[in-house]
Asker: 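Below is the structure I would like to discuss, written out as structure tokens.
These numbers were taken from a predicted model, which means no experiment stands behind them. Order of appearance sets the numbers: ligands from 1, and atoms from 1 within every ligand.
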Amino acid sequence: MSMKNDLLIKTLQGEKVDRPPVWLMRQAGRILPEYRAIREKLPDFKALVSNPQLAAEVTIQPVDILKVDAAIIFSDILVVPEAMGLHYEMVEKVGPRFPKTIQSGRDIDQLLSGDDAADNLDYVYNALEVTQRNLDSRVPLIGFSGAPYTLLAYMVEGKGSKTFSKAKRLLYAEPAMAHALLEKLTKTIISYLKRKVRAGASVIQLFDSWAGLLDRRLYQEFSLKYIRLICDALKDVPVIVFAKGAWFSMEDIATIPDVAIGLDWQTDPATARQVFGADRTLQGNLDPCCLLGPENQIRQAVKDMLSSFGRNHIANLGHGVYPETEVSAVKAFIDEVKSYQYP
Ligand code: CP3
């Protein structure tokens with residue numbers, strides 16, 4: 001499919017471009033009043049996620065309002081555990097809660113996986129189809145999934161946590177159980193992402209949000225192994241792997257062929273360039289809190305970031321936009337990237 005703005009696709013394919021593409025993680029989130037207006041009409045977050053027409057509308061808002069170079073489908077990583085049979089709730093101002101969590105081998109046996117689980121996510125595929133139609137090829141559409149380990153973390157812990165010690169206990173105390181769950185998750189994610197691509201996603205991002213709580217050995221055994229399987233299964237589409245806090249595993253992550261790598265702000269761009277090499281597409285990585293400072297400082301930080309990454313770079317933050325961020329700060333970030341020219 002030819003696209004009016006294919007800067008992101010070209011960058012992911014290693015083609016030479018004049019400036020880096022820019023998009024933001026959580027760009028469809030709570031910072032836009034236009035998003036909040038739609039969100040407030042619905043009983044809760046999940047009602048928006050499961051409504052393809054409205055999910056498509058809030059997916060496209062940042063393209064129209066912020067002029068980003070990509071759309072990311074409005075959804076959540078927790079729709080996957082739910083499709084496998086583990087119901088979640090999104091509690092206002094608190095975050096996700098799983099009333100029932102994974103405790104035993106029996107709990108894992110009862111979960112659906114692969115196509116059987118992916119069959120329960122028609123509302124996501126429908127949202128992608130509606131978005132693709134309404135976007136009219138203006139910019140590429142990004143689909144995403146949580147990485148298996150990050151989804152395991154929520155399914156075992158039942159909610160967000162500073163330490164995820166219940167989830168990590170499983171890795172140390174019941175490794176066979178952990179692997180059984182990770183295998184089911186991996187099969188499901190592969191079916192799910194293939195269908196997302198069929199429904200209109202032209203790029204896939206994997207979010208391993210809790211990678212930073214592991215160490216190099218655990219990361220290799222319980223996360224990277226499965227991420228590799230997913231990347232292998234998605235050879236036909238560009239993939240971006242974002243493993244937040246996994247700087248200790250950079251050299252291992254660098255052995256995944258072809259994929260682009262999203263970096264958090266704690267990773268030094270020059271160090272990442274050295275480890276991943278000049279040809280690897282890197283994404284990131286301004287501290288989202290930088291957008292809470294003055295505009296001239298944001299613009300300078302963008303210039304510094306772009307020059308330290310050099311070519312083969314996707315401009316982004318090092319994590320999602322925080323809800324207290326002013327729209328004007330996000331616009332300054334995007335505008336500065338768009339007025340940049342590679343030397
Ligand atoms: O980036 C986008 O704009 C696309 C939409 C998107 C959401 N969640 C919408 C959302 C994406 C890509 C996600 C991914 C996601 N969800 C991740 C991985 C990225 C990351 O942040 O590391 C994680 C860990 C989740 C789980 C999740 N969803 C949490 C922990 C929370 C609550 C935290 C909070 O900020 O309140 C959510 C809720 C959520 N997902 C919101 C949005 C816009 C806020 C809910 C609301 O609008 O009321």
Asker: Under the side-chain contact (heavy atoms from CB on, under 4.5 Å) rule, what do I227 and V259 come out as? Steps first, then yes or no, please.
Answerer: CA-CA 11 Å; I227 288 177; V259 301; over 6 Å; no
Asker: Could you tell me the residue and atom name of the protein heavy atom closest to atom 45 (C) of ligand 1, and the distance to it rounded to 0.1 Å?
Answerer: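 Result for atom 45 (C) of ligand 1: F45 CD1, 3.5 Å.
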Asker: Identify, for atom 11 (C) of ligand 1, the protein heavy atom at the shortest distance, and state residue, atom and that distance.
Answerer: F144 CZ, 3.6 Å
Asker: Tell me, which protein residue and heavy-atom name are nearest atom 37 (C) of ligand 1, and how many Å apart are they?
Answerer: M90 CE, 3.4 Å
Asker: May I ask you to decide if I9's main-chain N or O and D6's side chain share a donor-acceptor pair within less than 3.5 Å?
Answerer: no
Asker: Do we see a donor-acceptor contact under 3.5 Å between the side chains of D304 and Q300?
Answerer: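 Checked: D304/Q300 side chains pair up, N/O donor to acceptor below 3.5 Å.
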Asker: Applying a heavy-atom cut-off of 4.0 Å, say which part of I73 lies close to ligand 1: side chain, backbone, both or neither.
Answerer: backbone
Asker: Touching ligand 1 at all, Q205? Heavy atoms, strictly under 4.0 Å?
Answerer: no
Asker: Which residue and atom name correspond to the protein heavy atom nearest atom 1 (O) of ligand 1, and how close is it?
Answerer: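 Checking every protein heavy atom, the shortest distance to atom 1 (O) of ligand 1 gives R26 N, 2.6 Å.
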Asker: Evaluate M84 against I102 for side-chain contact (heavy atoms from CB on, under 4.5 Å), listing each step before the verdict.
Answerer: CA-CA 12 Å; M84 294 170 75; I102 298 299; over 6 Å; no
Asker: Once rounded to the nearest 0.5 Å, what's the spacing between atom CG of L234 and atom CG of D258?
Answerer: 12.0 Å
Asker: Looking at A28, which atoms of ligand 1 are within less than 4.0 Å of one of its heavy atoms?
Answerer: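 So the answer, numbered in order with elements, is 3 (O).
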Asker: Heavy-atom contacts with Y35 under 4.0 Å: which atoms of ligand 1 show up? List them by number with element.
Answerer: 43 (C), 46 (C), 47 (O)
Asker: Under the side-chain hydrogen bond (donor to acceptor under 3.5 Å, both in side chains) criterion, do Q283 and T281 qualify, and how do the steps go?
Answerer: CA-CA 7 Å; Q283 173 180 287; T281 303; over 6 Å; no
Asker: Quick one: which ligand 1 atoms are inside 4.0 Å of a heavy atom on F207?
Answerer: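 Result: 12 (C), 18 (C), 19 (C).
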Asker: Show which atoms of ligand 1 fall inside a sub-4.0 Å distance from at least one heavy-atom site of Q27.
Answerer: 1 (O), 2 (C), 3 (O)
Asker: Pull out every atom of ligand 1 sitting under 4.0 Å from any heavy atom of Y154, numbered as shown with elements.
Answerer: 24 (C), 30 (C)
Asker: Can you figure out which of A211, S209, S75 has its heavy atom closest to atom 5 (C) of ligand 1?
Answerer: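 The residue whose heavy atom sits nearest atom 5 (C) of ligand 1 is S75.
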Asker: Indicate the ring-plane relationship of F164 and W210, choosing parallel, tilted or perpendicular according to the 30° and 60° boundaries.
Answerer: tilted
Asker: Would you call the rings of Y192 and Y125 parallel, tilted or perpendicular, where under 30° means parallel and over 60° means perpendicular?
Answerer: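 If you compare the ring of Y192 with that of Y125, the planes turn out tilted.
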Asker: Can you sort out which atoms of ligand 1 are near M25, meaning under 4.0 Å from one of its heavy atoms?
Answerer: 1 (O)
Asker: For atom 34 (C) of ligand 1, what's the nearest protein heavy-atom neighbour? Residue, atom name and distance, please.
Answerer: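 Heavy-atom neighbour on the protein nearest atom 34 (C) of ligand 1: R30 NH2, 3.3 Å.
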Asker: Which label fits H179 and F222: parallel for a plane angle under 30°, tilted from 30 to 60°, or perpendicular past 60°?
Answerer: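 H179 vs F222 ring planes: parallel.
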Asker: Look at atom 20 (C) of ligand 1 and say which protein heavy atom is nearest, naming residue and atom and giving the distance to 0.1 Å.
Answerer: H319 NE2, 3.1 Å
Asker: Within 45 degrees of the ring normal and closer than 6.0 Å to the centroid, is that where the cationic atom of K46 sits relative to Y88?
Answerer: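 Verdict for Y88: a cation-pi partner in K46.
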Asker: Determine whether the side chain, the backbone, both or neither of K244 has a heavy atom under 4.0 Å from any heavy atom of ligand 1.
Answerer: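 No part of K244 comes within reach of ligand 1.
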Asker: Which residue and atom name correspond to the protein heavy atom nearest atom 14 (C) of ligand 1, and how close is it?
Answerer: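 Sorting protein heavy atoms by distance from atom 14 (C) of ligand 1 puts I77 CG2, 3.8 Å first.
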Asker: Please list, in number order, the atoms of ligand 1 under 4.0 Å from a heavy atom of P96.
Answerer: 29 (C), 30 (C), 31 (C), 32 (C)
Asker: Among all protein heavy atoms, pick out the one at the shortest distance from atom 28 (N) of ligand 1; state its residue, atom name and that distance to 0.1 Å.
Answerer: D76 OD1, 2.7 Å
Asker: Less than 6.0 angstrom from the centroid, inside 45 degrees of the normal: does K225 satisfy that with respect to the ring of Y149?
Answerer: no
Asker: Could you check whether the rings of F309 and H313 sit parallel, tilted or perpendicular, using 30° and 60° as the cut-offs?
Answerer: parallel
